[in-house]
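These values consider heavy atoms only, across backbone and side chains, with no hydrogens, waters or symmetry-generated copies. In this text, all values refer to a predicted model and were calculated from it rather than measured experimentally.
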Amino acid sequence: MTAGVRQEPREATRPRTPRRTRLPALLALLIGLAGVGYRLALLLADAPPTNSDEATMGLAALHIARGEGFPVWFYGQAYMGTLEAYLAAPLVALAGPSVLVLRLPTLALYALFLALSWRLTRRLGGDRWFALLVVAVLALGSDRVVKNQLIAGGGYPELNPAGAALALLTVSLCAGVAGARLPRRAAAAGAEAAGSEAAGSEAAGSEAAGSEAARLVRWAGWGLVSGLLLWADPLILPFVLALGAVLAASRRRELIGRAGAALAAGLLLGAAPMLLDSLRHGRNPLAAVLTASGADAAATWGERLYGGLVLGPPLALGFCSPGHCAGWQLWWAPTFVMLLALATTAAWRALRRPLRPADLGHFPFAANDNSPRSGDDPAGAMGRRVSAAVRLALLAGAGAVLAAYTASSAAGRTPIESARYLSVLAVAMPALLWPLRAAARRAGLWPSPRHRDEATGSDRPGHHVDEPEPFNTGDRMRTRAAGVVAVAVLAGMLGTGAVATAGTIGGVPATHAEADRHRVLVDTLGALGVRHMRAGYWTCNRLTFVTGEDVRCAVVDDDLRPGFDRLPEYRRAVDADPDAAWVAPTGSPLAARLDGRLGPGPGTLRMVEVPGWRIYLPRR
């Protein structure tokens, strides 16, 4: 009676993941929603403050929405692509020009960055609690951080989500067929372990053939994202090169065939606007970036090192108050450098750890619970090496960005504002915090999930690195001390970031009041019938954008001489209007100079004052 009955293993009836392990995922979702909600509240309160550079991107979006032009570069220069303008153009076409409409796509990009960072951390082998920590750090929003994430001024909001997507694609492509494409020596070492599963190899081959198209799509996606990044802002180039080196080293044979063709096609498509414009006009975007970086300006090495290594990391990663860094907030600067060194060393050691035959015991040929799902690395050691390689690439990219910024004169001349160039360091956050989590875990100060899948991350390609247990009292004490220090650093990061976020919230009423004054200015210009005007650089395009080009403005300096017009046609329109007005902030040098031209007779100016602004109209 029992001849046709096959006994099922007990493990088959056991659930893969208990409900309690979903707590960190739920908390991460709530924290992520809080981070997005906080930023949406800032947008509704007119924070962070806008400027004419953002309005220039808005004008590009307006022209795209109207079909009047399809700019490749930020107006007035031959670098920094207009990807943000193309993202905002449909909304501008529907709702008209406004700062809120222009920033909704950047808010969506931030939400995408949080989701991708969670996924990347898990794919690298981090447990859910570690992924929760990464999301919590990225959910905080100091003054400099929210400016980088929300202001559509060109180049910054899209870099972090695209960088995280690139790293995630790299993990997927490197680990996706690790078992099927092992090196010859590794395959030979694992042949005996795989013998019992040879019967299922034909089915696995069919499945691999079916997933080939999906892999080609991922290869093309990697190239497309890279091309878009290089067009949008070459600041991300170190990350692209480092992650590309990982792909070339681990998948060089695959790159020779259709995978390489798909990657090249995606790269050319993403970078097509830049390449076509360069061919058409003979421009070199890289040379334009180097010229604009201040490479030809003077700054001492002391100023550069202080601005790049001391002020740069705390400002860029959200540990400073609005517009400045207090002395106690600078603790993150040496900590960042130490973490960068420790994380790099740990990733390098994990990458150099030799494979053993025992590490190659499972191959993705069996249709049972031991067979990982599609895209996973069946061999734990191979998965750890993929994780280590990608983490090393992220850290190398972060180190290269920091070194390049520190070597530039911008770090010494304008360290507070130029810290935006370091915004891409956030992409490396999962790799950067890895040593802290490892130290806390070894000391027993990290949450210990009860289920093996959660503890080892077996559904991810990067399993946890084997951590040796301390074997004597001295080792235990050192391990415990290191764990306490790691937890203290993590608590300090969250606490310092929270203080900086609170400082940003405290500055919102002043920003909102300034935006209200600007709206009064726009309404007054409309009531006076002003259609052409002259003003300073930081006033002109902002007024032109919010009025939908009903008011056109030409830039002047404080001595009333022509300034830098990003759209020269505006100056031609203003010069042709004898009744063009002047606008200046109250108390500014430009207002003081225009006050000298006030008078009752022809050729003089009369003044209309609104809160925070002065409008000067010519007398006829």
Nearest-0.5 Å distance that lies between atom [atom1] in [X] and atom [atom2] in [Y]:
| X | Y | atom1 | atom2 | result |
| --- | --- | --- | --- | --- |
| Leu87 | Leu104 | CG | CG | 12.0 Å |
| Met274 | Trp73 | CE | CH2 | 5.5 Å |
| Leu237 | Leu229 | CG | CG | 10.0 Å |

Any donor-acceptor N/O pair, [X] side chain to [Y] backbone, under 3.5 Å:
| X | Y | result |
| --- | --- | --- |
| Thr586 | Trp613 | yes |
| Ser98 | Val101 | yes |
| Arg119 | Arg123 | no |
| Thr121 | Ala131 | no |

Partner set under side-chain hydrogen bond (donor to acceptor under 3.5 Å, both in side chains) for [X], not counting sequence neighbours:
| X | result |
| --- | --- |
| Asn160 | none |
| Thr504 | none |
| Tyr75 | His63 |
| Thr170 | Trp222 |

On a heavy-atom basis, which atom in [X] and which in [Y] lie closest, and how many Å separate them?
| X | Y | answer |
| --- | --- | --- |
| Trp129 | Leu27 | CZ3-CD1, 4.1 Å |
| Ala89 | Ile64 | CB-CG2, 3.6 Å |
| Ala426 | Leu317 | N-CD2, 3.8 Å |

Cationic N near anionic O, under 4.0 Å, [X] to [Y]:
| X | Y | result |
| --- | --- | --- |
| Lys147 | Glu54 | no |
| Asp127 | Arg437 | yes |
| Arg542 | Glu514 | yes |

Test: salt bridge (Lys or Arg N to Asp or Glu O under 4.0 Å). Region: residues 25-39. Which pairs qualify, not counting sequence neighbours?
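Counting only pairs at least two positions apart or across chains, no salt bridge (Lys or Arg N to Asp or Glu O under 4.0 Å) contact touches residues 25-39.
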Within residues 414-436 or reaching into it, pairs that qualify as salt bridge (Lys or Arg N to Asp or Glu O under 4.0 Å) - sequence neighbours excluded
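Every pair satisfying salt bridge (Lys or Arg N to Asp or Glu O under 4.0 Å) with a residue in residues 414-436: Arg144-Glu417, Glu417-Arg420.
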For a quick check under 3.5 Å, do Ser409 and Arg304 share a side-chain donor-acceptor pair by atom type?
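On atom types as modelled, these side chains qualify, holding a pair under 3.5 Å.
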Quick one: do Arg103 and Glu84 satisfy salt bridge (charged side-chain N to carboxylate O under 4.0 Å, His left out)? Show the steps, please.
CA-CA 9 Å; Arg103 291 178 175 180; Glu84 293 163 22; over 6 Å; no
Name all residues meeting the salt bridge (Lys or Arg N to Asp or Glu O under 4.0 Å) criterion together with Arg519; count only those two or more places apart in sequence or in a different chain, and write none if there are none.
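Partners of Arg519 by the salt bridge (Lys or Arg N to Asp or Glu O under 4.0 Å) criterion, ordered by chain and then number, come out as Asp46, Asp516.
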Using the ring-ring contact (aromatic ring centres under 6.0 Å, His included) criterion, which residues pair with Phe319? Sequence neighbours excluded.
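Only Trp332 meet the ring-ring contact (aromatic ring centres under 6.0 Å, His included) criterion with Phe319.
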Output all residues satisfying side chain to side chain contact (heavy atoms under 4.5 Å, CB included) with Ala431, sequence neighbours left out; order by chain, then residue number.
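Arg391, Leu394, Leu395.
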If the condition is side chain to side chain contact (heavy atoms under 4.5 Å, CB included), which residues does Cys540 pass it with, not counting sequence neighbours?
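Applying side chain to side chain contact (heavy atoms under 4.5 Å, CB included) to Cys540 gives Ala535, Cys553, Val555.
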Can you give me every donor-acceptor pair (side chain of residues 485-492, partner residue at least two apart or in another chain, under 3.5 Å) with its distance?
none

Pairs in or reaching into residues 108-163: which pass disulfide bond (SG atoms under 2.5 Å apart), with residues at least two apart or in two chains?
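Qualifying pairs, neighbours excluded: none.
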